[in-house]
Amino acid sequence: MDIKRRKLILGGVALGAVAGVAVLRPKAQGQGGHSKYFSSVSKALDNAGFSGPTLVIDLENLQKNADILAGHLRGHYDYRIVAKSLPSLNLLDAITQRTNTNRIMVFQLPFLQKLVKSYPASDILLGKPLPISAAKAFYFGTRAEHFDPTRQLQWLVDSPRRLNQYADLARSLKQSLRINIEIDVGLHRGGIASAEDLSAMLGIIQREPYLEFSGFMGYDAHAAKMPGVLGGPEKAITRGLDIYQSRVEQTKIQLGSAFPKAATLNAAGSPTYQLYKSRADRAPCNEIAAGSCLVKPVGFDIPTLSDHLPAAYIASPVLKKLSQTQIPGIEGLTRPFSWLNPNREQSFFISGGYWKAEPESPKGLSINPIYGRSSNQEMLNGSKKVLLNEDDWVFLRPTQSESVFLQFGDIAVYSKGEIVDLWPVMSNS
């Protein structure tokens, strides 16, 4: 092969490679600045004097979500609010009033201690088994004057061993403890998974004068994401309810007349609660627990919650704006990186960061996977289409609510173009 021909071939290969890379290059994302909605929230934050990372709740969307949930459950199931997903007394106030319920599910001792004082008429179910030390701390600590745990509190227990611990505590207190048994309905994260273990636990309750069986709790978060090849969510829910039904029937036989007439038979969760509506006439459960769907973080953008609206955002101001993205140590690759991905052209450093959240507005922002994360000044990238300046607000959507909501201090409540209130969050310690 002559040299001229070889050069032509190699040149063609090189051009083809470049063309191939160009085809694979992502398109520049971005539509300018904020939408009308986020421009309004930005103005509201500015007018209220905010200057740092802030959690914002959209009051109208929160109320709409509460109405949607109540509409699905009304006439079918009672509703129990999941407090860990809505960790603010004001937030809980808004939901209890909107959904007309006094039932609350609690996961942490500090929340329990706070809620029995703030909601002395509430009916509280623990959402996870707590170490016996936590139960002791509750009973030997300062308690609410008008809250009666013998009628209003149910401890969740998941094994004979833990139940024996609670029995010892009840005898030492000479006080009745209501016991709700966690059952495994397919999630496999604990709970009674066999008839033998359930029989053993019921036997302990029958022998112990200070223990009272109050019902069951079966959580099915796995069902919403069950792939179609395995039968999808519908099959997972059906299988879980079959397990639930068998546990109820076994308990009714073993306890006989001691089976409570008003047993708490709790099920579901935000991802799956809507799947229970069509099964109301044959489902063994009588109440549904949910919380996250009311604020709808990113992790709940799923088909079963398509009618719910995002109601929570993190707002953070832009501290620094750079016209390029430089990675320390490889500054020479700045231009190639920008060419390979035009969405890395600009850099915006915001106040705070490293939250469980994803950039929401302006559209086109993303986290740089090479530069790294920062909880002090997070870097976000965008193409030239993203129009942001220093001191402008950036909005992110939390991927979950329970841990994220506790990181910002008071929640800023947005309604009709204004910040109308500040809602303190509860302490988790």
Side-chain angles (χ1 to χ4, degrees), residues 52-59 61-63 65-66 69 79-99 101-120 122-130 134 137-138 141 144 147 153 156 217 219 221 266 268-271 273 288-300 305 308-316 352 354-357 375 396-414 419-429:
T54 305
L55 185 75
V56 180
I57 289 287
D58 184 311
L59 184 59
N61 284 359
L62 177 73
Q63 293 172 335
N65 288 336
L69 181 143
Y79 171 51
R80 187 174 295 274
I81 302 173
V82 178
K84 72 176 176 63
S85 303
L86 307 165
S88 161
L89 291 178
N90 300 85
L91 188 49
L92 292 174
D93 283 343
I95 300 305
T96 55
Q97 294 169 20
R98 197 79 179 187
T99 59
T101 186
N102 72 329
R103 302 181 185 219
I104 305 176
M105 180 175 281
V106 181
F107 288 73
Q108 305 101 326
L109 175 62
F111 282 19
L112 175 61
Q113 293 169 322
K114 184 75 172 179
L115 291 175
V116 297
K117 297 176 182 178
S118 301
Y119 298 97
S122 61
D123 178 290
I124 294 180
L125 168 65
L126 270 295
K128 65 182 179 184
L130 294 185
F138 172 77
F147 182 88
L153 178 61
L156 191 70
M217 190 277 279
Y219 184 47
N266 182 275
S270 287
Y273 89 87
I288 295 297
S292 294
C293 63
L294 299 175
V295 290
K296 198 179 183 181
V298 173
F300 294 80
L305 293 175
H308 282 254
L309 304 169
Y313 299 98
I314 298 168
S316 180
Y354 217 155
W355 304 296
K356 289 181 179 293
S375 58
L396 304 94
R397 269 184 73 196
T399 58
Q400 60 165 241
S401 58
E402 49 258 35
S403 67
V404 177
F405 279 30
L406 301 177
Q407 299 178 48
F408 300 91
D410 293 353
I411 297 170
V413 184
Y414 171 79
I419 301 300
V420 296
D421 207 349
L422 292 175
W423 289 351
V425 294
M426 291 188 284
S427 172
N428 197 22
S429 63

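What you are looking at is a predicted structure, and each value in this text was computed from that prediction instead of being measured.
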Give me the atom names and distance for the closest heavy-atom approach of [X] to [Y].
X: Leu309; Y: Lys296; answer: O-CB, 3.5 Å
X: Phe107; Y: Lys128; answer: O-CE, 3.0 Å
X: Pro398; Y: Val404; answer: CB-CG1, 4.0 Å
X: Ile124; Y: Val106; answer: CG2-CG2, 3.6 Å
X: Cys293; Y: Tyr273; answer: SG-CE2, 4.0 Å
X: Trp423; Y: Ser88; answer: CB-OG, 3.7 Å

What class does the angle between the rings of Phe138 and Phe147 fall in, given that below 30° is parallel, 30 to 60° is tilted and above 60° is perpendicular?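 Phe138 and Phe147: perpendicular rings.
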Is there a side-chain contact between [X] and [Y], using heavy atoms and a 4.5 Å cut-off?
X: Leu89; Y: Pro424; result: no
X: Pro297; Y: Thr399; result: no
X: Ile314; Y: Phe408; result: yes
X: Leu92; Y: Leu115; result: yes

Show your working on side chain to side chain contact (heavy atoms under 4.5 Å, CB included) between Leu55 and Phe405 and close with a plain yes or no. CA-CA 7 Å; Leu55 185 75; Phe405 279 30; 3.5 Å; yes
Tell me whether [X] contacts the main-chain N or O of [Y] through its side chain, where contact means a donor paired with an acceptor under 3.5 Å.
X: Asn61; Y: Pro310; value: yes
X: Asn266; Y: Met217; value: no
X: Ser375; Y: Gly352; value: no
X: Arg103; Y: Tyr79; value: no
X: Thr101; Y: Arg80; value: no
X: Tyr313; Y: Asp58; value: no
X: Ser270; Y: Ser292; value: yes
X: Thr96; Y: Ala94; value: no

Using 0.5 Å steps for rounding, measure from the [atom1] atom of [X] to the [atom2] atom of [Y].
X: His308; Y: Leu69; atom1: NE2; atom2: CG; value: 5.5 Å
X: Leu86; Y: Ile411; atom1: CG; atom2: CD1; value: 9.0 Å
X: Gln63; Y: Arg98; atom1: CD; atom2: CZ; value: 4.0 Å
X: Asp93; Y: Ile95; atom1: CG; atom2: CD1; value: 10.0 Å
X: Lys114; Y: Leu109; atom1: NZ; atom2: CG; value: 13.5 Å
X: Thr99; Y: Leu294; atom1: OG1; atom2: CG; value: 8.0 Å

Is there a side chain to side chain contact (heavy atoms under 4.5 Å, CB included) between Leu153 and Leu112? Walk through the geometry before answering. CA-CA 10 Å; Leu153 178 61; Leu112 175 61; 3.9 Å; yes
Step-by-step side chain to side chain contact (heavy atoms under 4.5 Å, CB included) determination, Val295 to Asn65: CA-CA 8 Å; Val295 290; Asn65 288 336; 6.0 Å; no
